[in-house]
Number of protein chains: 2
Amino acid sequence: MITIKDIADEIGVSTAIVSIVLSGRSAANKRASPELATKIKAVAAEFGYTPNVSARALSKKRQNTICMLASRKTGQAESTDASATLFGVSKVLSANSFRTVLQYFETEEEFTGCIGNLRRQFMDGVVVDPGWIFNPEKYRDSIEQKGLPTLFFLQNAAENIFDIGINHDEVSTVATEHLVARGCKKIAFFDMGGAAGQLRLEGYQKAIANAGMQFDKRMICHLSGKDKYKPAIADRGIGKMIEAGIRFDGIVAASDGQAFVLLHRLQSLGIKVPEDVKIIGVDNSPICELSFVKISSVSGQPELRGEIAARKLLHRIAPEEFDGGAAGEITNIPPKVVARESTLKN
Amino acid sequence: MITIKDIADEIGVSTAIVSIVLSGRSAANKRASPELATKIKAVAAEFGYTPNVSARALSKKRQNTICMLASRKTGQAESTDASATLFGVSKVLSANSFRTVLQYFETEEEFTGCIGNLRRQFMDGVVVDPGWIFNPEKYRDSIEQKGLPTLFFLQNAAENIFDIGINHDEVSTVATEHLVARGCKKIAFFDMGGAAGQLRLEGYQKAIANAGMQFDKRMICHLSGKDKYKPAIADRGIGKMIEAGIRFDGIVAASDGQAFVLLHRLQSLGIKVPEDVKIIGVDNSPICELSFVKISSVSGQPELRGEIAARKLLHRIAPEEFDGGAAGEITNIPPKVVARESTLKN
DNA sequence: CTGTTAGCGCTTTCAA
DNA sequence: TTGAAAGCGCTAACAG
């Protein structure tokens, strides 16, 4: 293994100056003549020198490592591609010579166990993708108290919290706008309820108003009961709408799984997608590519979220070194329509 | 931060003995009286001591870190749940206080780039999930040459190679046996071609013979052309079989995506699954849960593969410390049928 | 502009 | 059975 000392010996200088040059602190400290610097770099390259991360970590008291705590659900074709977030995070980190240490959890108990094991000595920060965990914010302080800058991916980014969230109202606004742009005049909206559902509904209403359309209560399909998140419930919902004689030429579904089910229901009723009715889902999950008519969807841009998260965290860890957006600021990634067959053909 | 010295000072002993006790080398070196040992452990627990991984790595020249290189495909609902493998790996590693550093790649170029960056100073070994990369074995030596024990997840485990693979013949054997057990008498087989396809076919034939059935060439649907892996091709294939008047009451599909497509085709022809025809896919991918009739499938047990891979790698890294199956030996994880609606009802 | 020196926290001889 | 001391490779303070 080539060390800094090998290089210093080769040139006949001290290890200190080699260290300063090779770790890029040269400019800041106004040290090392340009000639020496280039010489050192040349020898380092020739020898194939790579710094020993452990030695550096021990000395600098920085591990150049962040820990990513990610929820793992089996069979998640209906939900956001979780690996995309991870991919975005690890891409930015490795570009900045940080390591991404992965820790999966499946149950909330495992999650709290992981949190208990987090240590300043192992890592410099934590990224959490809490997934289905209810009220994940409540865990943040216990991590931060260990001196670990922490960033959560949240569904609803609360104010003054250093996190990355989704603007639910924007999601349905862009979905509805997309349908309007595709020529839909009567757009149905599937409401999943809850705070997020309320925001989604407002986003839909905004887009309807902006398009100069009249809001029609009958176009809203409220799903309820404890199974309201299950796609099959949407199947019953649309059945009732059709029985009631309500007509529509576009549907903003609450999820991709729902869109998938609605698509099949319409097809079995002889209603053509996208010719008669256009459908758009939410999440841009793998399921969108699986049906005969591929489903358009609104993407939360998980990879981009991962990248931004990583940059923000790096900035918190070492503000002078990494530029990543002001800490304490909420970032909402704009949702983006991924158009596929279910809204494309006319 | 609590160090070994804090504990030594508290008790009034040297750091050396504390180190020996706390890192579990006590028994091996026959050192430290039982009383001292318990005392040290008690104080360590009281102080909340956790070792500094960087210091230990620097001293021991072992990083307690393995790098997992994983292919990332977007929209992979049709294929094995990649995170399951990762999950298995990271579970075993963290149980043995190893860190799993994650590195994703999307293109072969990125993959070779990652390989170039692998360093002994950062990690002790490498696990590669090459995904769709063609002939991934060719890259192994370039990693091993760096002194990094490497383990590949391969589709076909070649002999004398320290890897974990799938027995393709067993996959179709268990699939076919499952259909036989469910009462199928005429079982169609979808052949995806290639070496794996040949093995699968042999496995199917073996199960047919074992069941005392006659092998019938017409029950084999050969898919060909460059799109032969695309599920839609299976749609055409089954259409031709039905047109030709070939009757069957069970189907062993080449993949879950294929099973999914076949299921929908049969349904649209008024053929009921599983009443008239039972279908089983391969991979146990998320898509199996998405159709109205959930699809039975053969799982390659990715989580278990990950666990075994991690154990084998740990064993190669430090044989005296970790017990993980003999190196140089191929491990084929037995495929397992996950029965769902598409083969269950009678 | 460059060198010397003292650690970072832990492991590991070698003495006692 | 225990302790003293050297060293892993790098950084940072202080001298020159």
Side-chain angles (χ1 to χ4, degrees), chain A residues 1-41 43-44 47-65 97 119-122 124 318 320-321, chain B residues 1-40 44 47-65 97 119-122 124 318 320-321:
Chain A
M1 229 55 313
I2 305 299
T3 71
I4 235 174
K5 185 160 185 309
D6 297 325
I7 299 172
D9 288 350
E10 169 76 13
I11 309 185
V13 291
S14 74
T15 58
I17 196 72
V18 174
S19 167
I20 288 170
V21 168
L22 290 182
S23 51
R25 283 165 291 144
S26 187
N29 298 28
K30 290 203 183 79
R31 293 165 57 108
S33 62
E35 305 79 52
L36 216 208
T38 48
K39 178 96 189 253
I40 288 173
K41 283 176 192 161
V43 174
F47 283 17
Y49 167 80
T50 45
N52 180 313
V53 282
S54 297
R56 182 174 282 176
L58 185 58
S59 175
K60 301 244 297 186
K61 294 183 176 245
R62 203 179 79 190
Q63 317 302 320
N64 273 48
T65 298
S97 26
R119 291 283 128 82
R120 251 330 282 280
Q121 297 152 300
F122 303 172
D124 309 300
E320 65 296 337
E321 205 169 329
Chain B
M1 226 62 305
I2 304 299
T3 72
I4 235 173
K5 185 159 188 309
D6 296 326
I7 299 173
D9 289 351
E10 170 75 13
I11 309 186
V13 291
S14 76
T15 58
I17 196 71
V18 175
S19 167
I20 288 170
V21 169
L22 291 183
S23 50
R25 282 165 291 144
S26 189
N29 297 28
K30 291 203 181 82
R31 292 164 60 102
S33 60
E35 306 79 51
L36 217 207
T38 48
K39 179 98 189 253
I40 288 174
F47 283 16
Y49 168 79
T50 44
N52 181 314
V53 281
S54 297
R56 181 174 283 176
L58 184 59
S59 174
K60 302 246 294 185
K61 295 182 176 248
R62 201 178 81 191
Q63 316 305 316
N64 272 48
T65 298
S97 29
R119 292 285 127 81
R120 253 327 286 279
Q121 298 151 302
F122 303 173
D124 308 301
E320 66 295 339
E321 204 169 330

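Reminder, nothing fancy here: chain letters follow the sequence lines and each chain counts from 1. Worth knowing before you read on, the calculation uses all heavy atoms, side chains too, and leaves out hydrogens, waters and symmetry mates.
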Check your understanding: In whole angstroms, how far is the P atom of D:dG9 from the CD1 atom of A:Ile7?
Key -> 13 Å
**Study point:** For atom CZ of B:Arg62 and atom P of C:dT12, their distance in whole Å
**Key:** 10 Å
Check your understanding: When the C1' atoms of the five terminal pairs at each end define the local axes, what inter-axis angle does the helix from C:dC1-D:dG16 to C:dA16-D:dT1 show, to 10 degrees?
Key -> 40°
Without placing hydrogens or testing angles, list every side-chain donor-acceptor pair under 3.5 Å for residues 1-10 of chain A, not counting sequence neighbours.
unit_1: A:Thr3; atom_1: OG1; unit_2: A:Lys5; atom_2: N; d: 3.1
unit_1: A:Thr3; atom_1: OG1; unit_2: A:Asp6; atom_2: N; d: 3.4
unit_1: A:Lys5; atom_1: NZ; unit_2: A:Asp9; atom_2: OD2; d: 3.0
unit_1: A:Asp6; atom_1: OD2; unit_2: A:Thr3; atom_2: N; d: 2.8

Check your understanding: Quick one: side-chain hydrogen bond (donor to acceptor under 3.5 Å, both in side chains) partners of A:Ser59, sequence neighbours excluded?
Key -> none
Check: residues 50-58 of chain B side-chain donor-acceptor pairs under 3.5 Å, at least two apart:
unit_1: B:Thr50; atom_1: OG1; unit_2: A:Gln121; atom_2: OE1; d: 2.5
unit_1: B:Asn52; atom_1: OD1; unit_2: B:Ser54; atom_2: N; d: 2.8
unit_1: B:Asn52; atom_1: OD1; unit_2: B:Ala55; atom_2: N; d: 3.0
unit_1: B:Ser54; atom_1: OG; unit_2: A:Gln63; atom_2: OE1; d: 2.8

Review point. Atom CD1 of A:Ile11 and atom P of C:dT2: how far apart are they, to the nearest Å?
Key: 11 Å
Practice item. Can you sort out the partners of A:Lys61 under side chain to side chain contact (heavy atoms under 4.5 Å, CB included), two or more places apart, ordered by chain and number? Key: none
Show each protein N/O and nucleotides 9-11 of chain C N/O combination with a separation under 3.5 Å, one pair to a line.
unit_1: C:dG9; atom_1: OP1; unit_2: A:Lys61; atom_2: NZ; d: 3.0
unit_1: C:dG9; atom_1: N2; unit_2: B:Ala55; atom_2: O; d: 3.3
unit_1: C:dC10; atom_1: OP1; unit_2: B:Tyr49; atom_2: OH; d: 2.6
unit_1: C:dC10; atom_1: OP1; unit_2: B:Asn52; atom_2: N; d: 3.4
unit_1: C:dC10; atom_1: OP2; unit_2: B:Ile4; atom_2: N; d: 2.7
unit_1: C:dT11; atom_1: OP1; unit_2: B:Arg56; atom_2: NE; d: 2.7
unit_1: C:dT11; atom_1: OP1; unit_2: B:Arg56; atom_2: NH2; d: 3.3
unit_1: C:dT11; atom_1: OP2; unit_2: B:Ser19; atom_2: OG; d: 2.4
unit_1: C:dT11; atom_1: O4'; unit_2: B:Ser59; atom_2: OG; d: 2.6

Point to revise | A:Thr15: partners by side-chain hydrogen bond (donor to acceptor under 3.5 Å, both in side chains), with sequence neighbours left out | key: none
Review point. Tell me, do A:Ile11 and A:Ile40 make a side-chain contact under 4.5 Å, heavy atoms counted?
Key: yes
Review point. Mind checking what makes salt bridge (charged side-chain N to carboxylate O under 4.0 Å, His left out) contact with A:Arg62, not counting sequence neighbours?
Key: A:Glu321
Exercise for review: Measure from CG on B:Leu22 to P on D:dT2 and round the result to the nearest Å.
Suggested key: 14 Å
Study note, to complete from the structure: Taken in chain and number order and not counting sequence neighbours, the residues that satisfy side chain to side chain contact (heavy atoms under 4.5 Å, CB included) with A:Ser97 are none
Practice item. Please report, rounded to the nearest Å, how far the C1' atom of C:dT13 is from the CD1 atom of B:Ile17. Key: 14 Å
